[in-house]
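Naming: A, B, ... by sequence-line order, numbering from 1 per chain. What you see below is based on every heavy atom in this structure, not just the backbone, and it leaves out hydrogens, waters and symmetry mates.
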Amino acid sequence: MAEPLLPLSFYRRDANSVARELIGCFLDHEGVGGYIVETEAYRRDDPACHAYNGRTVRNEVMFGPPGRAYVYFTYGMHHLFNVVCEGEGEPAAVLVRALEPVTGIDVMRRRRAPVSDLHQLANGPAKLVEALGIGPELNGVPVYRGRLKIRGRTADCQKTRIVATPRIGIRVGTRRRWRYCAAESRFLSRKVGSKGASR
DNA sequence: CCTGCGATTTGCT
DNA sequence: GCAAATCGCAGGC
């Protein structure tokens with residue numbers, strides 16, 4: 001039943017392909033995880049990308065080899081989880097924004113207390129990081145092997161309809177539709193708007 | 001339904 | 001000094 005881990009080669013491609021194809025894949029951290037239902041792509045020539053203005057201590061993992069976690073701190077209190085894409089030296093990443101919880105739901109509820117609604121345990125980039133117990137110590141670790149891992153889509157998920165919309169929470173690069181969602185999912189961070197969605 | 005704000009820290013201008 | 005790849009709560013319609 002468990003699909004194989006996505007290989008390193010899966011991530012060594014353009015971030016938009018990776019972001020789209022990560023929908024329906026299974027993200028797991030030490031037995032706690034679920035299906036990825038929402039992602040966003042970020043690339044070097046993109047003003048919303050952390051690497052747009054070059055390499056810094058914070059974003060250096062984005063410049064490294066693909067298939068690794070890029071975990072960063074923001075808003076003074078949240079960590080967000082990305083997977084590095086493309087080739088070494090070509091900064092790009094996919095932000096994982098929402099999960100449909102499947103395993104370790106009791107653990108997620110404990111970490112996310114007082115929230116208990118299944119639909120609100122991991123429907124946001126900071127929420128899923130908290131639910132899965134992801135911390136800054138995982139910045140730079142590979143996701144194609146190890147404790148933090150991503151499995152491929154099951155046959156059932158292959159037919160999931162995917163829509164692209166503008167990204168959330170940014171003030172530049174908003175014309176790009178680089179947010180990818182499982183169209184019918186009830187576990188998204190925000191509903192897919194009637195405007196701006198495509199494919 | 002929607003909008004606004006506080007929390008709390010980092011990093012860049 | 002202030003915006004930030006956010007969240008949860010309060011308040012208004």
Side-chain angles (χ1 to χ4, degrees), chain A residues 11 14-16 18-20 22-23 27 34 36-64 66 68-86 90-101 108-140 143 148 150 163-182 186-197:
Chain A
Y11 304 101
D14 75 275
N16 281 284
V18 174
R20 173 179 288 275
L22 277 177
I23 300 300
L27 174 64
I36 296 170
V37 296
E38 179 178 339
T39 59
E40 286 178 358
Y42 289 87
R43 309 189 67 196
R44 186 210 290 270
D45 294 327
D46 162 16
C49 180
H50 288 170
Y52 183 67
N53 292 309
R55 187 171 184 149
T56 66
V57 173
R58 178 216 220 182
N59 68 24
E60 63 182 354
V61 171
M62 287 186 81
F63 288 78
R68 299 192 176 237
Y70 168 43
V71 180
Y72 75 91
F73 185 67
T74 191
Y75 291 108
M77 61 178 69
H78 298 302
H79 290 278
L80 274 60
F81 166 72
N82 303 247
V83 185
V84 176
C85 301
E86 313 205 6
E90 184 58 44
V94 171
L95 172 68
V96 181
R97 289 192 55 90
L99 293 187
E100 176 179 337
M108 293 196 209
R109 287 206 167 101
R110 210 173 305 139
R111 290 174 174 152
R112 290 272 296 128
V115 173
S116 66
D117 177 4
L118 189 61
H119 296 98
Q120 299 188 71
L121 288 180
N123 64 334
K127 297 180 189 180
L128 79 88
V129 158
E130 186 174 19
L132 266 57
I134 293 171
E137 71 280 1
L138 294 177
N139 189 38
V143 298
L148 180 62
I150 302 179
V163 291
T165 82
R167 292 171 292 181
I168 293 177
I170 57 174
R171 291 153 69 124
V172 288
T174 52
R175 284 189 347 217
R176 295 174 165 97
R177 290 182 306 224
W178 287 2
R179 171 182 179 235
Y180 300 92
C181 301
R186 300 158 61 206
F187 297 86
L188 302 177
S189 68
R190 275 166 53 172
K191 276 192 205 167
V192 173
S194 52
K195 217 168 38 172

Using the side-chain heavy atoms of [X], tell me which of these nucleotides is nearest: [options].
| X | options | result |
| --- | --- | --- |
| A:F73 | C:dA4, B:dT9, C:dC7 | B:dT9 |
| A:Y70 | C:dA5, C:dT6, C:dG8 | C:dA5 |
| A:N53 | C:dT6, B:dT9, B:dT13 | B:dT13 |
| A:H78 | C:dG8, C:dA5, C:dT6 | C:dT6 |

Q. A:L132 versus A:M108: any side-chain heavy-atom pair under 4.5 Å?
A.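 Yes, their side chains come closer than 4.5 Å.
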Using a strict cut-off of less than 4.0 Å between a Lys/Arg side-chain nitrogen and an Asp/Glu carboxylate oxygen, indicate whether [X] and [Y] qualify as a salt bridge.
| X | Y | result |
| --- | --- | --- |
| A:R167 | A:D46 | yes |
| A:E86 | A:R44 | no |
| A:R111 | A:E130 | no |

Q) Taking a pair as Watson-Crick or G-U wobble with both distances under 3.5 Å, which nucleotide is matched to C:dG11? A)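 The answer is B:dC2, by the H-bond criterion.
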Q | Pairing partner of C:dA5 (Watson-Crick or G-U wobble, both distances under 3.5 Å) | A |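 Its partner: none found.
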Q) Planes under 30° and centres closer than 5.5 Å, is that true for A:Y75 with the base of B:dA7? A)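 Here A:Y75 fails the 5.5 Å or the 30° condition.
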Q. Any side-chain donor-acceptor pair under 3.5 Å between A:Y52 and A:D45?
A.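 Judged by distance alone, the side chains do not pair up.
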**Q.** C:dA3 versus B:dG4 - spacing of their P atoms, nearest Å
**A.**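 Each nucleotide's P atom is 15 Å from the other's.
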Q: Using the C1' atom on both, measure B:dC2 against C:dA5 and round to a whole Å.
A: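 Their C1' atoms lie roughly 23 Å apart.
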Report the distance from atom [atom1] of [X] to atom [atom2] of [N], rounded to the nearest whole Å.
| X | N | atom1 | atom2 | value |
| --- | --- | --- | --- | --- |
| A:R58 | B:dT9 | CZ | P | 16 Å |
| A:L80 | C:dC7 | CG | C1' | 11 Å |
| A:L121 | C:dC7 | CG | P | 13 Å |
| A:R190 | C:dG8 | CZ | C1' | 15 Å |
| A:Y72 | B:dC12 | OH | C1' | 15 Å |
| A:L128 | C:dT6 | CG | P | 12 Å |
| A:K127 | C:dA5 | NZ | C1' | 15 Å |
| A:M77 | C:dT6 | CE | C1' | 8 Å |

Q | Contact nearer the 5' end of DNA chain C, comparing A:C49 with A:R112 | A |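 With A:C49 and A:R112 compared, the 5'-side residue is A:C49.
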Q.
Heavy-atom nearest nucleotide on DNA chain C for A:Q120 versus A:N82: which residue maps closer to 5'?
A.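 So the residue in question is A:N82.
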Tell me what [X] touches on the nucleic acid: a base, only sugar-phosphate, or nothing, going by heavy atoms under 4.0 Å.
| X | answer |
| --- | --- |
| A:T56 | sugar-phosphate |
| A:R179 | nothing |
| A:A126 | sugar-phosphate |
| A:L95 | base |

Q. Quick one: is A:R97 getting a side-chain N or O under 4.0 Å of the C:dT6 phosphate, OP1 or OP2?
A.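 True: A:R97 side-chain N/O within range (under 4.0 Å) of C:dT6 OP1/OP2.
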Q | A:F81: which of A:L95, A:L148, A:L138 passes side chain to side chain contact (heavy atoms under 4.5 Å, CB included) | A |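 Checked A:L95, A:L148, A:L138 against A:F81; only one passes side chain to side chain contact (heavy atoms under 4.5 Å, CB included): A:L148.
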